[in-house]
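Values below: every heavy atom of this structure, side chains too, minus hydrogens, waters and symmetry copies. Here is the naming used below: chain letters follow the sequence lines, and residue numbers restart at 1 for every chain.
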4 protein chains.
Amino acid sequence: MRLIFQAAIDAFSERGFERATMDEIAAKANVAKGTIYYHFKSKEDLFVFLVEEGTELLRETVLSKVQSQTTATAKLTTVIHEQLQFFQDYKDFCIIILREAFGEEKRQQDFRRMLVQYVTSIQHIIEEGVETGEFHTDQAEPVAWSVFGAISITALHHLFANDHFNLVSLSPHLEKVLITGLHTP
Amino acid sequence: MRLIFQAAIDAFSERGFERATMDEIAAKANVAKGTIYYHFKSKEDLFVFLVEEGTELLRETVLSKVQSQTTATAKLTTVIHEQLQFFQDYKDFCIIILREAFGEEKRQQDFRRMLVQYVTSIQHIIEEGVETGEFHTDQAEPVAWSVFGAISITALHHLFANDHFNLVSLSPHLEKVLITGLHTP
Amino acid sequence: MRLIFQAAIDAFSERGFERATMDEIAAKANVAKGTIYYHFKSKEDLFVFLVEEGTELLRETVLSKVQSQTTATAKLTTVIHEQLQFFQDYKDFCIIILREAFGEEKRQQDFRRMLVQYVTSIQHIIEEGVETGEFHTDQAEPVAWSVFGAISITALHHLFANDHFNLVSLSPHLEKVLITGLHTP
Amino acid sequence: MRLIFQAAIDAFSERGFERATMDEIAAKANVAKGTIYYHFKSKEDLFVFLVEEGTELLRETVLSKVQSQTTATAKLTTVIHEQLQFFQDYKDFCIIILREAFGEEKRQQDFRRMLVQYVTSIQHIIEEGVETGEFHTDQAEPVAWSVFGAISITALHHLFANDHFNLVSLSPHLEKVLITGLHTP
DNA sequence: AATGAATGAGTCTTCATTCAT
DNA sequence: AATGAATGAAGACTCATTCAT
């Protein structure tokens with residue numbers, strides 16, 4: 001079961017949902033193909049399960065660290081840092097996120113809903129910052145997506161451009177852009 | 001040819017490279033399947049051609065407007081505005097960009113190379129701003145990707161969340177995050 | 001598996017490698033098309049496997065009978081007789097042999113290599129006969145191919161000219177030409 | 001027209017009737033595909049025309065030389081020599097002969113009929129030899145096919161085994177086998 | 001006479017899913 | 001619980017042939 005799970009992450013991230021085959025996953029997991037169907041109703045089912053677990057883990061991992069921070073600024077800094085760390089640890093999963101989150105398929109809509117949950121948490125941090133006077137914006141939603149998009153795409157680019165890049169080292173530069181702003185004070 | 005081109009954009013953006021079928025594209029274009037193969041060597045070939053044209057158009061559209069600006073700040077503002085406008089005009093293509101830009105397939109690598117060209121142009125603007133003293137950062141590359149990622153993902157989210165959303169209205173909020181910074185002055 | 005094998009021999013000999021279709025073979029074998037692909041990687045793979053088995057069988061069948069003969073003359077007579085018998089028993093396969101043995105495709109080269117093995121065995125018999133003084137020639141290779149060619153083409157012609165022709169009855173006439181010679185003593 | 005003819009021989013011998021494409025032939029002939037259809041009704045038509053011309057040429061070439069010989073032995077020797085020479089000169093065509101002469105397709109039957117004409121001429125020589133007392137056999141037909149088969153297959157083997165082999169040098173060895181016989185006198 | 005863009009029927013191949021064991 | 005042989009629907013691609021120019 002854990003073997004199948006891991007094999008699926010592997011296969012889906014390496015080749016995407018469509019190109020990954022059940023044979024491939026079975027081989028990676030060292031089980032017979034039928035065994036996968038014993039545990040999961042379908043390929044889609046396996047994929048959705050896996051994505052659910054993944055986004056859940058992302059949310060928990062990042063937000064648990066956030067809670068111990070007091071200021072909104074510190075919280076947002078933590079989000080940047082922890083999301084980078086997560087992408088580093090689960091490179092494969094991070095690829096899946098951006099590859100399969102946009103589209104009209106039911107599965108993609110479900111997936112987007114999970115993502116929205118996560119980004120909404122970021123949005124709450126920003127709204128909190130606005131209330132405390134730390135941040136300044138009147139539209140927290142696009143800002144939250146910008147934060148998420150900036151972190152994700154930057155991470156993804158560096159992962160593909162440079163196999164063993166240390167994503168966390170990007171942290172200060174992302175803080176610079178997203179929190180301080182590019183403008184010279 | 002133009003019919004095939006348009007049909008392909010349609011199909012690929014609606015269902016992604018894998019799920020879109022040549023039959024589907026042929027039907028949308030109102031030509032026989034063989035006709036597509038008369039003009040393009042393969043599904044992949046058609047896709048690559050289409051993506052090349054698209055990124056080329058994105059680069060030209062955005063950068064032509066940028067050139068008339070004098071300050072780096074004005075240029076970056078223009079990038080944000082024009083890229084949003086482009087995503088609005090070519091919604092379908094913008095979906096393709098993020099869906100198919102990351103992966104190990106040759107096609108995806110080619111695509112990434114084109115994207116890098118575009119983002120490098122953004123990077124140059126930022127470097128220019130650092131030289132003129134407008135901007136402050138010592139790592140223009142991740143910053144450029146952050147800018148691109150923030151715009152793209154935010155645009156994509158709003159396109160899927162709200163069919164007829166006016167993307168350009170996001171412009172000021174993205175400028176706020178990316179240029180001014182979230183922090184209250 | 002045996003069903004597929006037999007169906008393939010049938011189809012390939014009836015219509016040749018190119019014209020025979022996997023649908024046809026599947027239908028003849030009474031299995032789903034996918035089943036063939038479960039056992040063989042491709043049409044080519046199936047064909048090569050089948051040809052390998054066939055030439056192997058030809059060699060074994062003919063040469064096992066040859067071994068019990070003592071003189072080279074008796075051995076060559078046996079080759080003629082047994083090869084005719086084999087062509088009679090495996091008419092379909094004998095058609096394949098001459099149809100697909102010459103050409104530049106990899107498959108045809110592989111096939112030729114197998115054929116060469118068989119003909120080399122004939123060549124050894126001739127060389128043996130030369131040593132014992134029974135035969136007289138200084139170039140055993142073309143002689144061996146002549147023997148093989150004479151038997152094969154003659155058999156093939158009679159098979160096509162006359163559906164139920166008894167090939168083995170050709171034996172004495174082939175011996176006459178190939179061993180005794182046409183010339184009146 | 002001559003260009004198309006030559007291109008077709010090229011293509012058909014290189015890749016066989018099925019694999020050779022009209023596009024390929026058109027390209028080799030440096031004409032548009034439509035032009036071929038202006039001159040020939042179909043691919044089959046082109047092929048049949050070409051094979052007819054070829055066997056016709058083979059028969060004429062070989063038999064014209066034969067006529068000037070007086071004894072049956074000399075005639076048969078000439079057949080061997082001239083057919084080898086023909087195969088040397090028209091290597092490509094000789095490949096086609098054996099590849100496409102056996103099968104149930106109408107075209108293959110037509111083709112076989114042409115071949116039968118040629119081999120019948122050989123048969124007549126043998127019958128003549130029997131009458132003059134030069135040869136000894138009571139079944140001229142299989143003998144004639146043996147002669148044809150021995151020459152053809154031996155030639156074909158040497159053509160594929162050795163690109164620039166001089167086929168005519170095989171002449172004495174084939175005479176040895178087919179006329180004198182292998183047996184030591 | 002010659003062209004070459006367009007066609008669509010026909011093939012190979014893949015792969016998620018099922019089911020008897 | 002687990003297996004893996006069998007399935008067949010679906011999809012990419014090929015290519016002989018046509019026809020308007």
Side-chain angles (χ1 to χ4, degrees), chain A residues 1 3-4 11 15 17-27 29-47, chain B residues 1 3-4 11 15 17-27 29-47, chain C residues 1 3-4 11 15 17-27 29-47, chain D residues 1 3-4 11 15 17-27 29-47:
Chain A
M1 262 281 306
L3 283 174
I4 294 173
R15 321 220 297 135
F17 176 75
E18 302 298 334
R19 276 183 294 281
T21 69
M22 294 303 259
D23 276 290
E24 204 179 320
I25 295 171
N30 256 59
V31 297
K33 208 181 348 177
T35 310
I36 302 180
Y37 281 91
Y38 186 79
H39 293 289
F40 300 92
K41 209 173 87 260
S42 66
K43 186 184 179 185
E44 178 116 12
D45 198 52
L46 170 57
F47 185 67
Chain B
M1 263 280 309
L3 283 174
I4 294 173
R15 321 220 296 136
F17 177 76
E18 302 297 335
R19 275 185 294 279
T21 71
M22 293 302 260
D23 277 293
E24 199 181 323
I25 296 172
N30 254 67
V31 296
K33 205 181 349 177
T35 308
I36 303 181
Y37 282 93
Y38 186 77
H39 292 289
F40 300 92
K41 214 172 81 264
S42 64
K43 187 182 176 183
E44 178 119 11
D45 198 54
L46 169 57
F47 184 70
Chain C
M1 261 278 309
L3 284 173
I4 293 173
R15 320 221 297 136
F17 178 76
E18 302 297 334
R19 275 184 294 279
T21 71
M22 294 302 259
D23 276 294
E24 199 180 322
I25 296 172
N30 255 65
V31 297
K33 207 178 351 174
T35 308
I36 303 180
Y37 282 92
Y38 185 77
H39 292 289
F40 300 92
K41 215 172 80 265
S42 64
K43 186 182 176 184
E44 177 120 12
D45 197 54
L46 170 57
F47 184 71
Chain D
M1 260 282 305
L3 283 174
I4 293 173
R15 320 220 299 134
F17 176 74
E18 301 298 333
R19 277 185 292 281
T21 68
M22 295 303 260
D23 276 289
E24 202 179 320
I25 296 171
N30 257 59
V31 298
K33 208 180 352 178
T35 309
I36 302 181
Y37 281 90
Y38 186 80
H39 293 290
F40 300 92
K41 209 173 86 262
S42 66
K43 186 185 179 184
E44 178 116 13
D45 198 54
L46 169 57
F47 185 67

Exercise for review: Give one of base, sugar-phosphate or nothing for A/Ala20, where a contact means two heavy atoms less than 4.0 Å apart.
Suggested key: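 Sugar-phosphate, no base atom in range.
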
**Study point:** Earlier contact from the 5' end, DNA chain F, for C/His39 and B/Lys41
**Key:**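 Final value for this comparison: C/His39.
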
Review point. So which one's nearest nucleotide on DNA chain F is more toward 5', C/Gly34 or D/Glu44?
Key: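 Taking each residue's closest nucleotide, the earlier one in sequence belongs to C/Gly34.
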
Value rounded to 0.5 Å, distance of [atom1] in [X] from [atom2] in [Y]:
{"X": "B/Met1", "Y": "B/Ile4", "atom1": "CE", "atom2": "CD1", "answer": "7.0 Å"}
{"X": "B/Lys43", "Y": "B/Met22", "atom1": "NZ", "atom2": "CE", "answer": "7.5 Å"}
{"X": "B/Thr21", "Y": "B/Arg15", "atom1": "OG1", "atom2": "CZ", "answer": "6.5 Å"}
{"X": "B/Ile36", "Y": "B/Asp23", "atom1": "CD1", "atom2": "CG", "answer": "8.5 Å"}
{"X": "D/Ile25", "Y": "D/Thr35", "atom1": "CD1", "atom2": "OG1", "answer": "13.0 Å"}

Review point. Does a distance-only test, which skips hydrogens and angles, find a donor-acceptor pair under 3.5 Å between the side chain of B/Lys33 and the base of E/dT7?
Key: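 Donor-acceptor pair under 3.5 Å: no.
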
Nearest-Å distance, [atom1] ([X]) to [atom2] ([N])?
{"X": "D/Asp23", "N": "E/dT7", "atom1": "CG", "atom2": "P", "answer": "16 Å"}
{"X": "C/Phe40", "N": "E/dT14", "atom1": "CZ", "atom2": "P", "answer": "15 Å"}
{"X": "D/Tyr38", "N": "F/dC19", "atom1": "OH", "atom2": "C1'", "answer": "14 Å"}
{"X": "C/Met1", "N": "F/dG4", "atom1": "CE", "atom2": "P", "answer": "17 Å"}
{"X": "A/Ile36", "N": "E/dT18", "atom1": "CD1", "atom2": "C1'", "answer": "14 Å"}
{"X": "B/Met22", "N": "E/dA9", "atom1": "CE", "atom2": "C1'", "answer": "17 Å"}
{"X": "C/Phe47", "N": "E/dC12", "atom1": "CZ", "atom2": "C1'", "answer": "16 Å"}
{"X": "B/Ile25", "N": "E/dG8", "atom1": "CD1", "atom2": "P", "answer": "18 Å"}

Check your understanding: Which atom pair, heavy atoms only, marks the closest approach of C/Ala11 to C/Ala20?
Key ->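 In terms of heavy atoms, the two residues are closest at O-CB, 3.8 Å.
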
Practice item. Mind listing the closest non-hydrogen atom pair of D/Ala32 and D/Ala26 along with its distance? Key: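 Smallest interatomic distance, heavy atoms only, reads C-CB, 4.2 Å.
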
Review point. Which nucleotide, F/dA2, F/dG4, F/dA6, lies nearest any side-chain atom of A/Ala32?
Key: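 Comparing F/dA2, F/dG4, F/dA6 against the side chain of A/Ala32, the answer is F/dG4.
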
**Study point:** Closest to side chain of C/Val31, choosing from F/dT7, F/dC13, E/dT3
**Key:**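 Of the candidates, F/dT7 comes closest.
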
Point to revise | C/Tyr37 vs E/dT13: side-chain N/O to OP1/OP2 distance below 4.0 Å | key: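 Yes, such a contact exists.
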
Exercise for review: Give a yes/no on whether any side-chain N or O of A/Thr21 is located under 4.0 angstrom from OP1 or OP2 of E/dC15.
Suggested key: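 No, no such contact exists.
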
Review point. How does DNA chain E read in dot-bracket, base by base from 5' to 3', with Watson-Crick or G-U pairs under 3.5 Å and | used when the partner is on another strand?
Key: .||||||||||||||||||||

Practice item. Nearest-nucleotide wise, let me know which of A/Ser42 and C/Arg15 is further upstream toward the 5' end of DNA chain E. Key: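 Here C/Arg15 is the residue nearer the 5' end.
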
